[in-house]
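Chain letters run A, B, ... following the sequence lines, proteins first, then strands; residues in each count from 1.
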Amino acid sequence: MIGDYINVINPIVAFSINVAVQLLCIRFVMKGLLRSLFSGFAVGFVSLLLLQVSVTFLGIAFFSNIMVNIIIYSSLGYCYFHFVNLGETARRIRILRELYDSKGGLTLDEILERYNAKRMVDLRLQRLLNNGQVVLKDGILFNGKPVLLLISKTILLMKVIILGQKSEFDK
Amino acid sequence: MTILFWGLALFASAFVIHFVLWKIRLPNRQIKAILQIFFTVLVVGILLLWSVPDTSIFCGIAPPTSFAEQIHISLFFISLTLAYMITYTALEADSPSLVIMTAINDAGPDGLDKKCFDKLMNDDILVKPRIRDLLLNKKVKMDGDRYVLTPKGVLFAQIFITYRKIMNVSHKGG
């Protein structure tokens, strides 16, 4: 009976360790959000495995639930990754932050002065060029490493299957 | 196995309902609709599993017998739902990085001229639709010609601003 409840708590404890380690890493140990997120996830994952194994040896939980708890932990870790990422790159959040920092709101022109497509694309293109996903040669852009292109194609496929359209402007 | 089976069965049921409804008509506030569908399925499913006799067997799997198992199924379902919801935000709106990668890929082996690329990526497709989303989701309202935050918008902004402070992140991002 108690083992059942411990099984429920294990992925939550591991996820809390993930968040705590990520915050400690980004504040005190390393630069770079992505590295801190991966470090937090890895430490949390090892903690989950140790928790599962230890409660199994104590005889108060069943090893068979490890698959369920790995899925729960990975899903929560995935959500946390995107939560942090949203705060950094999501356009809606960036516009909300600009409006929050302004006194009495902003007109459309004022929003676009602070945050516009040119700035956003320059920033993102630079990131893509830096990590080799895109290559710029004599003023021409080419696809580089295939990882992000593969992710883009997967998202496009999901869009077509679920929404029936390739782009939000296809309506 | 009980938790994995029933958790996946409930999630699959919710996904099928969402998929069918989306084929009939796309809701205006899609994320809100997804949450309503998935959490309704969870509540109804847990109540149904609670009410069936412990001796019933479905596909060789018995229903959950303890309260702890019901909570475990709920946690499993909620974590999958949140992961799906956050993935769905990338489907609902065109991500700039995705638009960039697709535009370059669509240009073929000759590549995409940077000048053409700069013309393609404009405020009309990358920024203005997101401002409209904020109005639609009632996080922002109009005050004359000015966009101002609603209490819901203030709460959202504060969550992210506070978390960025905790992480000690100072650059603007975006």
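For a residue to count as touching a neighbouring chain, one of its non-hydrogen atoms must lie under 4.5 Å from one of that chain's; by this rule B:Leu98 touches chain A with backbone and side chain alike. For A:Ile12, the part lying near chain B is the side chain, with the backbone staying farther off; criterion is any non-hydrogen pair under 4.5 Å. Neither the backbone nor the side chain of B:Phe77 comes within contact range of chain A, judged by heavy atoms closer than 4.5 Å. Of the two parts of B:Tyr147, the backbone and the side chain both hold a non-hydrogen atom closer than 4.5 Å to a non-hydrogen atom of chain A. Using a 4.5 Å cut-off between heavy atoms, B:Thr102 touches chain A through its side chain atoms alone. A:Leu149 touches chain B through backbone and side chain together, each having a heavy atom under 4.5 Å away. Interface remark: A:Ile93 contributes side-chain atoms only to the contact with chain B (heavy atom separation under 4.5 Å). Interface remark: B:Tyr163 contributes side-chain atoms only to the contact with chain A (heavy atom separation under 4.5 Å). Both the backbone and the side chain of A:Ile161 come within contact range of chain B, each with at least one heavy atom under 4.5 Å from a heavy atom of that chain. Interface remark: B:Val169 contributes side-chain atoms only to the contact with chain A (heavy atom separation under 4.5 Å). If you measure heavy-atom distances from B:Thr2 to chain A, you find no contacts under 4.5 Å at all. Using a 4.5 Å cut-off between heavy atoms, B:Leu112 touches chain A through backbone and side chain atoms alike. Residue B:Leu4 touches chain A through both its backbone and its side chain, counting heavy-atom pairs closer than 4.5 Å. Neither the backbone nor the side chain of B:Phe5 comes within contact range of chain A; no heavy atoms are under 4.5 Å apart. In this structure, chain B has heavy atoms under 4.5 Å from both the backbone and the side chain of A:Ile162. Looking at B:Asp143, there are no atoms closer than 4.5 Å to chain A (heavy atoms on both sides), in backbone or side chain. For chain A, the nearby part of B:Ile161 is the side chain; its heavy atoms alone come within less than 4.5 Å. In this structure, the portion of A:Leu23 lying under 4.5 Å from any heavy atom of chain B is its side chain and not its backbone.
Contact record, B:Asn105 with A:Lys153: ND2-CE, 3.6 Å, taken as the closest heavy-atom pair. Summarising the geometry of A:Leu33 relative to B:Met167, their closest heavy-atom pair is CD2-SD, 3.7 Å, with the distance given to 0.1 Å. Across all non-hydrogen atoms, the minimal contact from B:Thr89 to A:Arg92 is O-NH2, 4.3 Å. When every heavy atom of A:Leu163 is checked against every heavy atom of B:Leu91, the shortest pair comes out as CD1-O, 3.4 Å.
A side-chain contact (heavy atoms from CB on, under 4.5 Å) with A:Val68 is found for exactly one of B:Ile73, B:Ile3, B:Leu75, B:Leu8, namely B:Ile3.
Residues of residues 75-85 of chain A lying within less than 4.5 angstrom of chain B, judged on heavy atoms, are A:Ser75, A:Leu76, A:Tyr78, A:Cys79, A:Tyr80, A:His82, A:Phe83, A:Val84 in numerical order.
Ranked by heavy-atom pairs under 4.5 Å with chain A, the list B:Val148, B:Leu149, B:Asn137 is led by B:Leu149. When the candidates B:Met121, B:Met85, B:Lys139, B:Arg146 are compared by the number of heavy-atom contacts under 4.5 Å with chain A, B:Arg146 comes out ahead.
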Side chain to side chain contact (heavy atoms under 4.5 Å, CB included) between B:Met101 and A:Asn143, worked out: CA-CA 7 Å; B:Met101 296 305 292; A:Asn143 282 131; 3.5 Å; yes

Evaluation steps, side chain to side chain contact (heavy atoms under 4.5 Å, CB included), between A:Arg97 and B:Arg164: CA-CA 11 Å; A:Arg97 279 166 40 208; B:Arg164 282 168 61 86; 3.3 Å; yes

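Note that the CD1 atom of A:Ile72 and the NE2 atom of B:His72 stand 4.0 Å from one another [nearest 0.5 Å]. Rounding to the nearest 0.5 Å places OG1 of B:Thr150 at 8.5 Å from CG of A:Leu96.
Enclosure of atom CZ in B:Phe160 by more than 12 non-hydrogen atoms of other residues, nucleotides or ligands within 6.0 angstrom is indicated.
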